[in-house]
Student: 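Just passing along the structure, written as structure tokens.
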Amino acid sequence: MKSLLTVLFLMMLQFFSAQEENMTYPDGVFGFEENKPQKIFTDWTRVRKQPDVKSEVTDSLKTNQQVMILKKEEVVLRLGERGANWYKISYQKGDQVSEGYVWGGNLCVGYRNKSGYDFLFGLSKTIDRKNKDYNEIIKQNIAGIKVIEGTNLVDEVYFDTGKGEEMSYATFTIESNHKLQNVELTLKAMVSGEACGIASYDQYVLFKDKKLVALPQLMNVGDADVYYHSEEFVFPNDKGGIPNAFIFKTEEMEKDDKDREKKKRSSKTYLWDGNSYKLK
């Protein structure tokens, strides 16, 4: 009898473990509040009759279309390294107000308006990329920033943002020109994981003469007091900054077997000529 109960217990444990493994979870960056406005990031985003990729397409929405989040559905769809809920939305085209369902991965992670321009930040796709160190194929998320003036796309840039586990949280802000020549403003997009050992990525993008210029990406990661790796820029308006340049600073710390900290620091300088940058 004992053996039978043990077998049954193990079978139930395997069943629930399998269920847990098959569950699909959304990434935190695609968590949008109900009864709040949001914008479309992916051009020609399909609006469906029901929250399902097999459901009838009722409309399509262009980049920068504003929508109202009516309801967050429990259904989650994962495409590559992007996992997001479906959302019931309402939107206006001309005089007509319509409703339908869109996948959250097609919505902006963040958006801002400044000087008559709309700046949009979103995740566009997942690609396969070869990891040279381990000779394997890894999944890499690609993010983008778009500039819209009225209904026209002015410019766009794309950059890496890590994997799904590194997309628990995101911010998108507008900063000053940091006293860089000919730069109107600076955009900063950040995505981060919540657990120790999960990296966060900062992407600075300069806006000048209706063009976007992506700077080298910054990565920060650490595990409690065991180790950390940090990267930052020192701009001309920062303490220690120099005119017409930005400094890329790196610091690493790791504790040895005797709990002693070992730190390494390095830096390199990029020269800015008002249009582009190059390593000094």
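Numbers here are sequence positions counted from 1. Atoms considered below: every heavy atom in the structure, side chains included; atoms not considered: hydrogens, waters and symmetry mates.
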Student: What pair of heavy atoms forms the shortest contact from Tyr25 to Val76, and how long is it?
Tutor: C-CG1, 3.9 Å
Student: Give a yes or no on whether the backbone of Val183 and the side-chain of Asn177 come within a donor-acceptor separation of less than 3.5 Å.
Tutor: yes
Student: So, do Tyr101 and Ser55 sit near enough that their side-chain heavy atoms are less than 4.5 Å apart?
Tutor: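 With C-beta onward as the side chain, the pair stays apart.
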Student: I'd like to check Val205 versus Phe207 (side-chain heavy atoms, cut-off strictly below 4.5 Å). Are they in contact?
Tutor: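 Sidechains of Phe207 and Val205: no contact.
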Student: With a 4.5 Å heavy-atom cut-off, do Arg82 and Thr126 have their side chains touching?
Tutor: yes
Student: Starting at NZ of Lys125, measure out to CD of Gln140 and round the result to the nearest 0.5 Å.
Tutor: 11.5 Å
Student: So with a 6.0 Å cut-off around CZ of Arg46, is the heavy-atom count from everything else above 12?
Tutor: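 Counting neighbours around CZ of Arg46, 12 or fewer heavy atoms of other residues, nucleotides or ligands fall under 6.0 Å, so no.
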Student: Give the cluster check for Ile89 versus Val109: same hydrophobic cluster or not, with ILVMFWY residues linked at side-chain heavy-atom distances below 4.5 Å.
Tutor: yes
Student: With rounding to the nearest 0.5 Å, note down the distance linking CH2 in Trp272 to CG in Leu206.
Tutor: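 With rounding to 0.5 Å, CH2 (Trp272) is 5.0 Å from CG (Leu206).
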Student: Less than 6.0 Å separating the ring centroids of Phe235 and Tyr204?
Tutor: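 Distance test on ring centres: under 6.0 Å, yes.
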Student: Within the side chain of Asp256, is there an N or O that forms a donor-acceptor pair under 3.5 Å with the backbone of Arg260?
Tutor: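 Such a contact is found between Asp256 side chain and Arg260 backbone.
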Student: Does Val191 share a hydrophobic cluster with Val221, counting links as ILVMFWY side-chain heavy atoms below 4.5 Å and allowing steps through other members?
Tutor: yes
Student: For the residue pair Lys249 and Ser267, what are the closest heavy atoms and their distance?
Tutor: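 For Lys249 and Ser267, the tightest heavy-atom pair comes out as CG-CB, 4.1 Å.
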Student: So do Gln203 and Phe121 actually touch side chain to side chain, heavy atoms under 4.5 Å?
Tutor: no
Student: Give, for atom CZ of Phe233 and atom CZ of Phe246, the distance between the pair rounded to the nearest 0.5 Å.
Tutor: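 So the gap between those two atoms works out to 5.5 Å.
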Student: Give, for atom OG1 of Thr63 and atom NZ of Lys39, the distance between the pair rounded to the nearest 0.5 Å.
Tutor: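 NZ of Lys39 is found 11.0 Å from OG1 of Thr63.
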Student: Roughly how far, to the nearest 0.5 Å, is the CD atom of Glu231 from the OH atom of Tyr201?
Tutor: 9.5 Å
Student: At their closest point, which heavy atom of Thr186 faces which heavy atom of Ser176, and how far apart are they?
Tutor: OG1-O, 2.7 Å
Student: Has Ser124 got a side-chain atom pairing as donor or acceptor with Ile142's backbone, closer than 3.5 angstrom?
Tutor: yes
Student: Would Ile148 end up clustered with Tyr117 when hydrophobic side chains under 4.5 Å apart are linked, directly or stepwise?
Tutor: no
Student: So Lys146 and Phe41, do their side chains get closer than 4.5 Å, heavy atoms only?
Tutor: yes
Student: Given the rule in the side-chain contact (heavy atoms from CB on, under 4.5 Å) test, do Tyr270 and Leu215 qualify, once you have shown the distances and angles that lead to the verdict?
Tutor: CA-CA 10 Å; Tyr270 290 90; Leu215 301 187; over 6 Å; no
Student: Please determine which of Val213, Leu187, Leu212 meets the side-chain contact (heavy atoms from CB on, under 4.5 Å) test together with Val157.
Tutor: Leu212
Student: Take Tyr169 and Met190, measure what side-chain contact (heavy atoms from CB on, under 4.5 Å) needs, and give me the verdict at the end.
Tutor: CA-CA 8 Å; Tyr169 176 72; Met190 184 276 289; 3.5 Å; yes
Student: State, yes or no, whether a side-chain contact exists between Asp52 and Val75 at a heavy-atom distance under 4.5 Å.
Tutor: no
Student: Give the intermediate values and the outcome of side-chain contact (heavy atoms from CB on, under 4.5 Å) for residues Asn275 and Lys208.
Tutor: CA-CA 8 Å; Asn275 292 295; Lys208 58 164 295 295; 3.2 Å; yes
Student: Do Lys93 and Leu61 come close enough that some side-chain heavy atom pair is under 4.5 Å?
Tutor: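 The answer is yes; the side chains approach within 4.5 Å.
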Student: Are Leu79 and Val53 in one and the same hydrophobic cluster, where Ile, Leu, Val, Met, Phe, Trp and Tyr link if side-chain heavy atoms are under 4.5 Å apart?
Tutor: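 Hydrophobic grouping puts Leu79 with Val53.
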Student: Between Glu73 and Lys88, does any side-chain N to carboxylate O distance fall below 4.0 Å?
Tutor: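 Judged by the 4.0 Å cut-off on N to carboxylate O distance, Glu73 and Lys88 do not form a salt bridge.
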Student: Ignoring hydrogens, what is the shortest heavy-atom contact between Asp128 and Ile137? Give both atom names and the distance.
Tutor: CB-CG2, 3.6 Å
Student: Decide whether Val67 and Trp86 are clustered together by the hydrophobic rule: side chain heavy atoms of Ile, Leu, Val, Met, Phe, Trp, Tyr closer than 4.5 Å, transitively.
Tutor: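 No, separate clusters.
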Student: Check whether Gln217 reaches the backbone of Asp160 with its side chain - one donor and one acceptor, N or O, closer than 3.5 Å.
Tutor: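 Checking the backbone N and O of Asp160 against the side chain of Gln217, a donor-acceptor pair under 3.5 Å is found.
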Student: Look at atom CD of Glu136 and say whether more than 12 heavy atoms of other residues, nucleotides or ligands are closer to it than 6.0 Å.
Tutor: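 Yes.
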Student: Provide the closest heavy-atom pair for Gly105 versus Phe30 in the form atom of the first, atom of the second, distance.
Tutor: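 That would be CA-CE2, 3.8 Å.
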Student: In chain order, what residues pass the side-chain hydrogen bond (donor to acceptor under 3.5 Å, both in side chains) check against Arg112, with sequence neighbours excluded?
Tutor: none
Student: Any ion pair linking Lys72 and Glu34 (charged N to carboxylate O, less than 4.0 Å)?
Tutor: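 Between Lys72 and Glu34 there is no salt bridge, as every charged N stays at least 4.0 Å from the carboxylate O atoms.
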Student: Just verifying a value: how many Å separate Tyr91 OH and Ile40 CD1, rounded to the nearest 0.5 Å?
Tutor: 9.5 Å
Student: For Lys255, is the NZ atom crowded, meaning more than 12 foreign heavy atoms sit under 6.0 Å from it?
Tutor: yes
Student: Would you say the side-chain atoms of Gln92 pair up with the backbone N or O of Gly94, donor to acceptor, closer than 3.5 Å?
Tutor: yes
Student: Please assess Phe119 against Leu185 for the test side-chain contact (heavy atoms from CB on, under 4.5 Å), listing each intermediate value before the final yes or no.
Tutor: CA-CA 11 Å; Phe119 300 94; Leu185 54 85; 4.1 Å; yes
Student: If you look at every heavy atom in Lys139 and Glu81, which pair is closest and at what distance?
Tutor: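 Scanning both residues completely, I find the closest heavy atoms to be CB-CG, 3.4 Å.
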Student: Looking at residues at least two apart in the chain, or sitting in another chain, which of them share a side-chain hydrogen bond (donor to acceptor under 3.5 Å, both in side chains) with Tyr111?
Tutor: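 In terms of side-chain hydrogen bond (donor to acceptor under 3.5 Å, both in side chains), with neighbours along the sequence ignored, Tyr111 is linked to no residue.
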Student: Are Leu153 and Asp43 close enough that some pair of their side-chain heavy atoms sits under 4.5 Å apart?
Tutor: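 With C-beta onward as the side chain, the pair stays apart.
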